[in-house]
Amino acid sequence: MVVTRRQFLGLAAGATTAGLLPGCSSVLPEPDVQAAGFGQEATGTVQVWCRAATQTGLTDLVKKFNASQDRLTVELTPVLDAQYVTKLATAIRGRSVPDLVDIDDINSMLFIYRDAFTDLTEPLAALDFRDKLSPGHLRLATKDERVYGVPYLADNSMFWFNTELCDRADVDPDEAVKSFDNLLDAARKLRKLGDDIYAWSFPANSPGALGFVVQPMIWAADTDLIQGTIGSQSGHIVGNDVVQRMLELHRQLWVDGLVPRANFSDDASRWGSDFRAGKVGIFPSNYSVVVSASDDAFHKKVTPRLLSGPDGGAAFFDGGDNMCIPRGARNASGAWEFVRFALDLPQQIDLPAGGYTPVRSDARTPEFAKKYPLATLPLERIQEGYAPTTLSYNLLYNQPDGPWLQMFRRAVFDGELEAAMKEAQQNYDRILKQGQA
């Protein structure tokens with residue numbers, strides 16, 4: 001049965017995850033978040049870990065917080081993304097944890113299902129902007145209707161259209177996103193502009209970046225490559241018409257020469273350079289790659305749209321960070337005070353300066369829209385954001401030898417769609433079963 005994103009969001013997840021993080025113990029004491037004065041007028045030091053990928057934004061945030069008062073000091077420790085899960089699990093086992101972790105939202109669930117994070121349901125409910133927070137991020141921090149993390153920043157994937165090229169090719173972005181057929185038609189028009197102009201570009205040798213920009217084209221049709229709740233998840237590939245049509249679209253883009261040949265080996269190390277050079281008409285990517293890495297003149301030539309499915313629909317990848325307080329935190333009150341500061345509108349409104357999107361829909365003020373016009377779309381459509389809740393995301397989507405990349409390359413470049421999907425189904429099932437054992 002195909003379930004909608006709304007139904008996905010309503011699924012109660014339950015799992016047996018023994019062995020998931022063998023170095024991670026769940027016996028650390030949980031801070032009392034309902035104690036009188038929690039998160040107010042805290043003193044001392046707050047130890048915060050952040051992932052290196054988003055370190056710049058956190059560094060500025062910490063400086064602003066420390067300068068705003070003189071009773072509480074935040075100390076920031078960046079951790080390489082590839083080492084984050086292992087390092088945190090080791091800290092928990094050693095019973096010496098930071099007070100707050102700024103973690104990739106897709107990895108929040110790994111620790112929530114080991115009872116390693118503090119239940120923040122009550123302090124979160126007390127926030128007067130609780131209903132404005134990104135539902136996609138919150139879903140990745142929710143287990144059995146209890147919330148163990150708070151969104152901080154968003155990294156969203158969307159379609160970006162070069163309006164100058166679209167005007168020359170008579171392509172209307174609003175019409176293009178109505179179906180895969182329309183997208184293909186638009187791509188063929190754009191390619192006719194000249195030998196050095198391509199319709200589209202995708203990083204076909206970067207599993208993580210590829211998953212970031214392609215999966216939403218499946219979610220837009222209210223389905224996923226994974227089905228079921230944690231504990232009983234399996235692949236949803238064989239027999240999934242949406243997955244097949246997504247692969248067929250990218251196969252056609254490749255066969256018809258509508259994308260650069262360099263896409264075959266594109267590992268995202270120079271991601272977006274062709275689009276920023278004005279040589280690509282349609283580019284699925286994020287704000288940072290398109291806007292932060294270009295100048296005002298180029299900004300005037302681009303317009304974003306949400307990623308769409310075979311017959312329309314809309315979705316974007318709700319990537320970014322959640323802030324979580326580990327059990328055993330020594331200064332949880334100070335940590336929550338810092339979280340509150342991070343979520344205040346002045347800090348949220350400044351996030352695009354560092355290449356990210358706010359996680360509060362009400363950050364889209366007139367001031368924000370004027371300063372960051374290309375960052376407003378995911379806030380206007382915040383309910384369309386999604387990311388799959390699973391304990392095996394990294395193994396499925398971020399590994400060069402993982403089943404996601406192998407399926408995409410075999411189907412798109414070799415044309416073996418049926419065999420690629422069958423093989424992926426088997427490998428998804430195996431990895432998901434192992435992750436839930």
Side-chain angles (χ1 to χ4, degrees), residues 54 56-65 67-68 105 124-138 150-164 166-167 172-177 216 276 283-308 314-323 337-386:
T54 53
T56 302
L58 268 293
T59 300
D60 292 340
L61 179 68
V62 167
K63 288 179 180 177
K64 288 176 67 176
F65 179 79
S68 71
D105 63 351
L124 182 62
L127 299 177
D128 59 8
F129 51 84
R130 166 67 173 81
D131 62 343
K132 306 296 184 183
L133 291 171
S134 164
H137 284 72
L138 284 171
V150 181
Y152 164 51
L153 57 77
D155 186 15
N156 308 133
S157 55
M158 298 181 286
F159 277 133
W160 295 86
F161 287 82
N162 182 315
T163 56
E164 191 174 78
C166 287
D167 287 346
D172 179 349
D174 289 323
E175 288 296 318
V177 298
R276 294 190 300 270
F283 182 54
S285 188
N286 62 5
Y287 185 90
S288 178
V289 168
V290 173
V291 181
S292 301
S294 59
D295 57 22
D296 288 341
F298 186 71
H299 299 168
K300 293 181 173 63
K301 299 179 182 179
V302 299
T303 183
R305 296 292 185 276
L306 298 190
L307 292 156
S308 54
F316 59 84
F317 198 115
D318 239 334
D321 292 0
N322 281 337
M323 286 184 169
E337 189 169 340
F338 179 63
V339 169
R340 283 290 311 273
F341 182 84
L343 290 176
D344 282 345
L345 279 180
Q347 283 67 254
Q348 286 288 304
I349 287 172
D350 278 348
L351 282 172
Y356 298 99
T357 306
V359 293
R360 288 180 57 171
S361 60
D362 58 346
R364 188 175 60 90
T365 62
E367 171 195 7
F368 180 88
K370 182 178 180 180
K371 190 173 183 180
Y372 302 113
L374 296 175
T376 62
L377 182 57
L379 298 178
E380 295 169 10
R381 307 280 297 278
I382 200 165
Q383 297 294 329
E384 305 289 2
Y386 178 78

4.5 Å side-chain heavy-atom contact, [X] and [Y]:
X: Ser288; Y: Tyr356; result: no
X: Lys64; Y: Asp350; result: yes
X: Phe317; Y: Leu307; result: no
X: Val290; Y: Leu374; result: no
X: Phe283; Y: Asn162; result: no
X: Phe368; Y: Pro358; result: yes

So which heavy atom on [X] is nearest to which on [Y], and how close?
X: Thr376; Y: Ala369; answer: CG2-CA, 3.8 Å
X: Leu345; Y: Ala363; answer: CD2-CA, 3.7 Å
X: Pro378; Y: Ala375; answer: CD-O, 3.7 Å
X: Tyr372; Y: Ala353; answer: OH-CB, 3.5 Å
X: Asp362; Y: Thr365; answer: O-CG2, 3.6 Å
X: Gly319; Y: Asp105; answer: C-OD2, 3.7 Å

Worksheet item: Taking the inter-plane angle between the rings of Phe341 and Phe338 on a 0 to 90° scale, is it parallel (under 30°), tilted (30 to 60°) or perpendicular (over 60°)?
Response: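 Parallel, since the angle between the ring planes stays under 30°.
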Distance-only, no hydrogens or angles: does the [X] side chain make a donor-acceptor pair with backbone N or O of [Y] under 3.5 Å?
X: Gln348; Y: Val359; answer: yes
X: Asp344; Y: Pro346; answer: no
X: Arg360; Y: Leu343; answer: yes
X: Thr163; Y: Lys301; answer: yes

Discussion item. If you count heavy atoms of other groups shown closer than 6.0 angstrom to CD of Glu175, is the number above 12?
Written reply: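 Yes, because the 6.0 Å sphere around CD of Glu175 holds more than 12 heavy atoms from other groups.
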Fill in: Flag if over 12 foreign heavy atoms under 6.0 Å of CD, Glu380
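Correct, the count exceeds 12.
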Nearest 0.5 Å, please: how far is [atom2] in [Y] from [atom1] in [X]?
X: Leu306; Y: Arg381; atom1: CG; atom2: CZ; value: 4.5 Å
X: Ser68; Y: Glu337; atom1: OG; atom2: CD; value: 8.0 Å
X: Thr54; Y: Leu351; atom1: OG1; atom2: CG; value: 10.5 Å
X: Asp167; Y: Phe161; atom1: CG; atom2: CZ; value: 12.5 Å
X: Leu377; Y: Arg364; atom1: CG; atom2: CZ; value: 9.5 Å
X: Tyr152; Y: Leu58; atom1: OH; atom2: CG; value: 5.0 Å

Fill in: Partners meeting side chain to side chain contact (heavy atoms under 4.5 Å, CB included) with Ser308 (sequence neighbours left out)
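Partners of Ser308 by the side chain to side chain contact (heavy atoms under 4.5 Å, CB included) criterion, ordered by chain and then number, come out as Phe159, Val177, Leu183.
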Discussion item. Using side chain to side chain contact (heavy atoms under 4.5 Å, CB included), reason through Trp160 and Val291 one step at a time and then give a plain yes or no.
Written reply: CA-CA 10 Å; Trp160 295 86; Val291 181; 3.9 Å; yes
Fill in: Summary of side-chain hydrogen bond (donor to acceptor under 3.5 Å, both in side chains) pairs that have at least one residue in residues 126-136, sequence neighbours excluded
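Every pair satisfying side-chain hydrogen bond (donor to acceptor under 3.5 Å, both in side chains) with a residue in residues 126-136: Ser134-His137, Ser134-Asp318.
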